[in-house]
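Everything numeric here is computed off the predicted structure, so don't read it as measured data.
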Amino acid sequence: MSAQSLFELKGRKALVTGAGGGIGKAYATALAMAGADVAIVDVNEKTGVKTAAELASVYGVQSFFQFCDVSSEESVQTMITNVVQHWGRLDIGVNNAGIGILGADENYDLAAWNKVIGINLTGVWLCARAEAQIFIEQKSGGKIINTASMSARICNCNASYNASKGGVVEMTRMLAAEWGKYNINVNCISPSYILSPMHASTPMEARARIRELTPLGYVERPEDLYGPLIFLASDASNYVTGLDLLVDGGHTLNAWLAPLERELPPRVSPEQEIVQLKNDLTALEVPFDENGINRELHPEIANAYRAMLKIND
């Protein structure tokens, strides 16, 4: 087997939840680049259909949109049934759909807690369970990749989000231990702060602080997840299971009080950081300025950064 063929996914059938934009679209794009056919699973039909058409046109793979509310057991089962009927089988399940609802924990609303846990943790489990049932029935093995977060390791958001992502990491380990006997690999990816539409309102000062505190010196982009996803979805990772693959540019390594110093320019410039963000916002038909900022899109995230960094504007 050649090194190139280790990462070859041509002809394999995959699904990605939350694939209409952002991290999920990056995962779906990576799979298509490697030759896989990809079902775009999302709650947003407009962006999902557009993403599926784009992958089919650019990479010559088969792709289609499938609606799913991952917090609903019935919706997940319908989604899995439709995807398997469409493809004839399933080889790769990428469980990425997630949300964050900010708020101080002493005043946090129970409904918000239940929604975050229901999508980020229970939703991942529902999808993984349904995918595993297909792999077991097929007697084919398979690859399951879940989206966790560096927030499983550091306290940077709030209890609902961090608990949900910490739960994904430990759930991934447990499912890997249980399902290895079926030749099912279960792993997860933990990104850093990432320039998806969710962070389109992030102030420039916050981006600068992230660069200062990240050893590799730039803010993560969705395309920085291409390689990790292809690795975990391909034969290159056949003996890897239960792994939480941290993709954070070294951000969680930094415990210094002062910004890190650099000897060489980062591989990615501030201008290059936002290329995919602008493409994603254009696909969403959301306006933005020269820095890829739209202050009306998820302003709660921008306000949290402003409060933390004491930005007055």
Side-chain angles (χ1 to χ4, degrees), residues 9 12-70 79 83 86 92-100 119-120 123-124 127 143-149 188-202 219-234 245 247 268 272-288 292 294 297-298 301:
L9 296 176
R12 298 194 191 179
K13 311 301 183 183
L15 70 85
V16 181
T17 68
I23 292 174
K25 183 177 180 181
Y27 287 157
T29 300
L31 291 167
M33 289 171 64
D37 299 319
V38 190
I40 304 301
V41 179
D42 208 293
V43 294
N44 188 321
E45 181 176 3
K46 183 177 181 180
T47 58
V49 168
K50 185 178 292 186
T51 296
E54 179 183 324
L55 296 186
S57 173
V58 174
Y59 300 106
V61 299
Q62 297 180 53
S63 187
F64 71 99
F65 168 75
Q66 171 64 48
F67 173 86
C68 183
D69 170 4
V70 299
M79 178 271 291
V83 169
H86 187 96
I92 302 161
V94 183
N95 307 313
N96 163 77
I99 62 167
I119 293 174
N120 292 8
V124 169
C127 290
K143 298 294 180 81
I144 295 175
I145 302 112
N146 303 321
T147 297
S149 170
C188 61
I189 294 175
S190 284
S192 177
Y193 306 105
I194 194 158
L195 285 173
S196 69
M198 184 71 71
H199 286 273
S201 61
T202 302
V219 185
E220 188 169 7
R221 310 157 300 162
E223 53 261 52
D224 291 311
L225 298 170
Y226 288 176
L229 190 282
I230 291 173
F231 168 65
L232 292 178
S234 69
L245 182 51
V247 187
V268 176
Q272 291 170 319
E273 285 175 356
I274 58 176
V275 171
Q276 186 58 54
L277 173 61
K278 289 182 174 180
N279 289 340
D280 284 344
L281 293 175
T282 298
L284 291 170
E285 300 178 0
V286 171
F288 52 85
N294 180 310
L297 193 64
H298 299 289
I301 295 177

Minimal non-hydrogen separation, [X] against [Y], with atom names:
X: A28; Y: I40; value: CB-CD1, 3.6 Å
X: V247; Y: D224; value: CG1-O, 4.0 Å
X: F231; Y: S234; value: O-OG, 3.2 Å
X: T51; Y: G20; value: OG1-O, 2.9 Å
X: A30; Y: L229; value: CB-CD1, 4.3 Å
X: V38; Y: S63; value: O-OG, 2.8 Å

Given side-chain contact (heavy atoms from CB on, under 4.5 Å), test D37 with V61 step by step and report yes or no. CA-CA 5 Å; D37 299 319; V61 299; 3.6 Å; yes

Taking side chain to side chain donor-acceptor pair (under 3.5 Å) as the definition, give me every residue that meets it alongside K278, ordered by chain and number, with sequence neighbours left out. none

So, does N120 use its side chain to make a donor-acceptor pair with the main chain of I99 at under 3.5 Å?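 Judged by distance alone, yes, a pair lies under 3.5 Å.
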
Between S201 (side chain) and N294 (backbone), is there a donor-acceptor pair under 3.5 Å? no

Between atom CD1 of I144 and atom CD1 of I92, what is the distance when rounded to the nearest 0.5 Å? 11.5 Å

Approximate separation, where rounding is to 0.5 Å, of L277 CG and T282 OG1: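 One gets 9.0 Å once the value is rounded to the nearest 0.5 Å.
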
Quick one: ring pair (Phe, Tyr, Trp, His ring centres under 6.0 Å) partners of F64, sequence neighbours excluded?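 Checked F64 against ring pair (Phe, Tyr, Trp, His ring centres under 6.0 Å); matches are H86, W87.
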
Check whether more than 12 heavy atoms from other residues, nucleotides or ligands sit under 6.0 Å from atom CD of Q272, and answer yes or no. yes

